[in-house]
Amino acid sequence: MDNYNIPEIARNVFWVGAKDWSRRMFDALIPLPQGTSYNAYLVKGDQKTALIDTVNPGFEAEFEEKLNLVSDLKKLDYLIMNHAEPDHANAIRYIMDRSPNSVLVTTERGVKLASLYHELPEGRVKVVAEGDTLDLGGRTLRFIEAPWLHWPETMFTYLPEEKILFPCDFFGSHTAHGVYDEDLEDLIPLAKRYYGEIMMPFGKMGAKALEKIEDLDIRIIAPSHGPIYKNPKRIIEPYKKWTAGETENKALIVYVSMWGSTKEMVGTIAETLLKEGVDVRVYDLTVSDIGDVARELVDSRAIILGTPTVLAGMHPLALYGAYLVKALKPPARYGVVLGSFGWGGGALRQAGDILAPSNMEVVGTLQVKGRAKEDDLKKVEEIGRELAQKMKG
Ligand code: FEO
């Protein structure tokens with residue numbers, strides 16, 4: 001095939017990635033309602049050519065065809081590996097087998113991690129560190145170590161002549177739609193969802209990386225998933241808020257209900273909070289996309305978990321939700337757990353154990369036997385009013 005769309009994002013800088021329109025799950029964990037893209041970039045200097053990252057398994061042949069349309073793969077000089085995860089690094093061997101003089105360029109940590117997952121050609125690796133540069137002839141690649149975004153070895157590459165930052169997963173979004181940020185009106189909610197799913201547990205490292213690039217003159221941000229930002233501020237500004245853990249006066253309610261009692265309790269607290277001026281988002285975990293929940297976690301000030309007791313513990317879906325909250329490390333400051341049981345409780349204790357290591361202050365818990373009675377719902381209202389006061393304070 002020779003009619004691929006290969007945007008030239010700046011003079012002699014080409015997007016040569018792949019769009020995965022129909023992929024619906026990532027890491028066997030993250031739903032992808034709009035598929036995703038694996039972005040790779042070819043930079044041609046006067047003397048040398050460099051490829052920044054590769055593509056997911058299954059897209060190698062398409063990738064090779066694209067590279068040969070804008071260059072000659074056999075003559076590739078450098079393969080820059082910003083990140084070792086297979087969606088960007090799995091085609092290293094495929095590409096290097098077809099470009100006999102190419103050299104893999106990555107950090108020391110990058111070599112170690114890449115060696116675990118990929119077969120690296122013997123003696124064809126160049127290790128770089130913070131601030132090192134590579135001269136392509138009229139084009140320079142500068143390397144910025146940005147560890148733990150979201151693997152230990154991650155780095156950014158900067159092209160000063162065109163003021164382009166290639167930050168791999170950082171600033172990314174899972175969508176196959178669009179080429180540039182201006183193509184997607186709903187891009188920031190998608191980027192926020194991606195941040196919640198992938199970057200939020202490493203928010204502090206993200207803040208450090210933002211400090212590192214603060215003085216860089218950036219005209220274009222070219223991440224490894226989703227559209228390329230011609231307007232870098234559109235994503236840098238929200239990232240500043242998200243990595244700082246800034247929250248909104250917003251409560252996220254996630255719940256499961258078997259016979260309606262827990263649902264009545266979370267409905268009551270939702271109405272109370274709304275009356276008190278709190279923004280509320282409610283997700284029934286039996287029908288919700290967990291990516292939407294991750295997006296709301298990014299800036300919710302409070303989390304309310306509702307779960308019935310099943311076989312002496314939490315409902316399995318609520319257990320999954322609570323575990324995700326623990327793992328994603330959201331910045332929420334306040335928590336409430338509500339639930340119901342038939343003949344023996346247990347869900348509240350288990351939820352408390354899971355959420356204990358978080359920094360959330362537990363404002364209230366309530367577990368009712370059977371249906372929630374009027375008195376129970378009054379107690380829920382009281383918890384809601386106390387929570388609203390704390391959130392405003
Ligand atoms: Fe898109 Fe962490 O790989």
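Remember, it's 1-based here, ligands and their atoms both numbered in the order they're listed.
- Close placement of the Y117 and W151 rings is indicated, their centers lying within 6.0 Å of each other.
- In the displayed structure, L116 atom CG is contacted under 6.0 Å by more than 12 heavy atoms of other residues, nucleotides or ligands.
- Alongside V266, the hydrophobic cluster contains I253, Y255, M265, I269, L273, L274, V278, V280, V282, I304, Y334, V336, L338, V363, L366, V368, L377, V380, I383, L387, M391 (criterion: ILVMFWY side chains under 4.5 Å).
- Legend: ring pair (Phe, Tyr, Trp, His ring centres under 6.0 Å) pairs involving residues 152-192, not counting sequence neighbours, sorted by first then second residue: F26-H174, Y41-F166, F156-F170, F170-Y239, F171-Y239, H174-Y194, H174-H225.
- When hydrophobic residues (I, L, V, M, F, W, Y) are linked wherever their side-chain heavy atoms come within less than 4.5 Å, the members clustered with V337 are L348.
- Looking at every heavy atom in both residues, D183 comes nearest to V179 through OD2-N, 2.8 Å.
- Excluding waters, the set of protein N, O or S atoms lying under 2.8 Å from atom 2 (Fe) of ligand 1 comprises H83 NE2, E85 OE1, H150 NE2, D169 OD2.
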